[in-house]
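The block underneath contains the structure these notes are about, expressed in structure tokens.
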Amino acid sequence: MEKFDVTVIGSGPGGYVAAIRCAQLGMKTALIEKYPSLGGTCLNVGCIPSKALLDSTEHYHKAVHQFADHGIEVKGVKVDLPKMIERKRGVVKATVAGIDYLMKKNKITVFTGHGSFVNKNMIEILKADGSKEQIESAKTIIATGSKPASLPGIEIDKKRIITSTEALELQEIPKHMIIIGGGVIGLELGSVYARLGAKVSVVEFMDSIIATMDRGLGKELQRLLKKDLGFEFYLKHKVTGVSAKGKEVTVSADNDKGEKIELKGDYCLVAVGRKTYTENLGLDKAGVKVDNRGRIETDEHLKTNVDNIYAIGDVIKGAMLAHKAEEEGVFVAETMAGQKPHINYNLIPGVVYTWPEVASVGFTEEQLKEQGKKYKVGSFPFKASGRARASMDTDGFVKVLADEATDEILGVHMIGPRCADMIAEGVVAMEYRASAEDIARMSHAHPTFTENMKEACLDATAKRPIHL
Ligand code: FAD
Ligand code: NAD
């Protein structure tokens, strides 16, 4: 029986990054993945394919709606959805191949099959051909991720009532896509199909879309998705039933006054969150505990209740984000090697890849109010940015929240062009505990969208933006 210093179960961004860091630190490392394709949800049916489709459809939308204003005449622009999907598959294939290369480069032994604990030091791998193999491991990292959640009484038929996985593979443009859940998946994949001409209706339980982010962002995004893509929103509506008959789906919901609505469309995307995945993992055989939501319980070192078993990523508490899983992968590897790594969970940025993009780090206004913290608000709209005017991306703003007494930046919330990339400045500033004045006094290249951050900081620190 082969013996390893550490075995990682699951090859998503948590698992493969953990495996690489373990190997870099000199541990003999194994990685078990049940699918033949490495990379987990993120590379195969999550971050990468969704961004590939978001990019393709953004090009199409610009060609149809903006090129004429730029003085570019294009006639007969058409969508070839199967080709678009094929390109997306190519992007996934190339990215996954990159992980195969990294596993070889780092001399990580990859086992393809379903891993399950025999006991706390032995893992069995069940392969596609039914054969079994056992390995022994001094330590194990569980990185088995998550799967789409559903609602009680709703049967996802994967044809008309679908999850994000099927929505990334549609071969026709829906006429009317009804989306349950105004969170990240609903708005990103809703944007993909709305840009291609589908009518999109979002039914959301809360009184805001992207409700966990700063409320100002959800309000602006809702306005822009309505204006630019014709989204219809049914907020404060709780879905009570979904049925499919032939090519028609019917979604029923109750609003907060108890009134009922019924929507009819040809596809219903259920995007109400994700649930941890620990099926047939043999947690009981290793003695690993889960909490009341099925998440593996971990301490501050991401160690489970069993001494040699750790868990990371979507399968434990916290934001279900690829970069959070990656940080945890590195954290656990370094902890096992005797180092003292650190993760500041408050500074894990959140991004929504709609257009305009939405990005956030640190505390929201709502959280600061709840804490009773006195803070200053600085903001700067993209309509006052020369760079944004040049590219016709004048919607949105950057908002900076700073401590009223010390001027330390407590939160950065932005909606606008390239905010997904721009939020990195907020993360760096906050990791170094910068004041709004620190950022306001640093040179930002002109003309760039990043000047909005400088101006918002000028506004926060002393109410003296230059260009407004
Ligand atoms: P996963 O990526 O879920 O990987 C777990 C792996 O474990 C899987 O490959 C699974 O097959 C394997 N596995 C499970 N059980 C076993 C077993 N017993 N034996 C062997 N293998 C097993 N996050 C972002 O940060 N940015 C984004 O833009 C983004 N976009 C997304 C878009 C969509 C449509 C979706 C669905 C998700 C998106 N996410 C995004 C979330 C992101 O994909 C997850 O947070 C991330 O993949 C979690 O990583 P993980 O390593 O914990 O688990
Ligand atoms: P989510 O938690 O972002 O949104 C789900 C929404 O569904 C919530 O707003 C919730 O109020 C609503 N909802 C729940 N029950 C409902 C009901 N009965 N009726 C109406 N609305 C209801 O979840 P998601 O969009 O499914 O995404 C899942 C995970 O994937 C998220 O944790 C997210 O972090 C991750 N993800 C991230 C990105 C990104 O980083 N850009 C992209 C996609 C997915």
Side-chain angles (χ1 to χ4, degrees), residues 11-13 16 33 35-68 70 72-103 145 148 158-160 162-177 179 184-200 225 228-231 266-267 269 271 321-323 326 351-358 391-393 417-421:
S11 74
Y16 84 75
E33 170 55 56
Y35 291 118
S37 164
L38 300 181
T41 304
C42 173
L43 271 64
N44 293 282
V45 290
C47 323
I48 299 300
S50 59
K51 266 80 253 180
L53 291 182
L54 279 158
D55 272 325
S56 297
T57 55
E58 199 181 308
H59 288 315
Y60 171 71
H61 193 254
K62 282 199 167 152
V64 173
H65 297 281
Q66 276 196 0
F67 277 14
H70 283 276
I72 305 166
E73 252 186 60
V74 281
K75 291 208 173 77
V77 183
K78 276 201 300 202
V79 175
D80 181 344
L81 185 61
K83 188 164 180 187
M84 209 178 259
I85 300 281
E86 203 45 52
R87 188 196 80 94
K88 175 222 67 170
R89 288 187 193 135
V91 172
V92 169
K93 207 172 153 199
T95 315
V96 165
I99 308 298
D100 292 337
Y101 160 79
L102 289 173
M103 294 302 106
K158 297 194 179 182
K159 290 186 180 76
R160 294 282 156 182
I162 59 177
T163 70
S164 54
T165 304
E166 294 76 49
L168 292 165
E169 281 286 321
L170 290 187
Q171 294 292 311
E172 63 173 7
I173 300 166
K175 289 180 188 63
H176 182 196
M177 179 177 253
I179 298 177
V184 208
I185 291 184
L187 301 177
E188 288 186 1
L189 293 178
S191 293
V192 163
Y193 289 105
R195 288 169 188 169
L196 297 179
K199 176 178 169 186
V200 169
L225 289 176
D228 296 340
L229 297 176
F231 268 59
D266 52 349
Y267 286 92
L269 168 62
L321 294 173
H323 45 286
E326 290 187 32
V351 173
V352 189
Y353 295 81
T354 44
W355 195 265
E357 291 176 336
V358 184
S391 65
M392 289 180 67
D393 289 312
R418 302 283 164 240
C419 285
D421 296 293

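As the structure is a computational prediction, the values presented were derived from the model and not from experiment.
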Side chain to side chain donor-acceptor pair (under 3.5 Å) with H176: which residues, sequence neighbours excluded?
S201
R89/E86 ion pair, N-O < 4.0 Å
yes
For L269 against S164, the heavy-atom pair lying closest together
CD1-N, 3.6 Å
For A194 and V200, work out which heavy atoms get closest and say how close.
CB-CG2, 3.8 Å
Measure the CD1-CG distance between I173 and D266 for me, rounded to the nearest 0.5 Å.
11.0 Å
Only one of V79, L170, V64 forms a side-chain contact (heavy atoms from CB on, under 4.5 Å) with L196, so which one is it?
V79
Are V91 and K51 side-chain neighbours, meaning at least one heavy-atom pair lies under 4.5 Å?
no
Could you report the tightest heavy-atom contact between S191 and F231, atom names first, then the distance?
N-CZ, 3.6 Å
If you compare all heavy atoms of E188 against all heavy atoms of S50, which two are closest, and at what distance to 0.1 Å?
OE1-OG, 4.0 Å
Gap between atom CG of L38 and atom CG of D100 - 0.5 Å precision:
5.0 Å
Separation between OG of S11 and CG of N44, rounded to the nearest 0.5 Å
7.5 Å
Please walk me through it: do K62 and M392 pass side chain to side chain contact (heavy atoms under 4.5 Å, CB included)?
CA-CA 10 Å; K62 282 199 167 152; M392 289 180 67; over 6 Å; no
Sub-3.5 Å donor-acceptor pair from the side chain of R195 to the main-chain atoms of L54, do we have one?
yes
For V92 and V45, run side chain to side chain contact (heavy atoms under 4.5 Å, CB included): C-alpha distance rounded to whole Å, both residues' side-chain angles, the deciding distance at 0.1 Å, then the answer.
CA-CA 9 Å; V92 169; V45 290; over 6 Å; no
Hey, is the main chain of P13 close enough, under 3.5 Å, to the side chain of E326 for a donor-acceptor pair?
no
Once you round to the nearest 0.5 Å, how far does CE of M84 lie from NE2 of H59?
9.5 Å
Taking every non-hydrogen atom, the tightest pair across C419 and E357:
N-OE1, 3.2 Å
Picking from K175, E172, E166, K159, what satisfies side chain to side chain donor-acceptor pair (under 3.5 Å) with Y267?
E172
For Q171, does the CD atom sit with more than 12 other heavy atoms under 6.0 Å from it, leaving out its own atoms?
yes
Of the non-hydrogen atoms in L43 and P49, which two are nearest, and what is the gap between them?
O-CD, 3.4 Å
How long is the straight-line distance from CD1 of I179 back to CG of L187, given to the nearest 0.5 Å?
7.5 Å
Apply the test side chain to side chain contact (heavy atoms under 4.5 Å, CB included) to residues R418 and D393: give CA-CA distance (whole Å), side-chain angles for both, the deciding distance (0.1 Å), then the verdict.
CA-CA 10 Å; R418 302 283 164 240; D393 289 312; over 6 Å; no
Start with the C-alpha gap between L53 and I85, add the side-chain angles, then the distance that decides, and say whether side chain to side chain contact (heavy atoms under 4.5 Å, CB included) holds.
CA-CA 7 Å; L53 291 182; I85 300 281; 4.2 Å; yes
Taking Y16 for the side chain and G40 for the main chain, is one N or O donor matched with an acceptor at less than 3.5 Å?
no
Interatomic distance, M177 atom CE to I162 atom CD1 [nearest 0.5 angstrom]:
4.5 Å
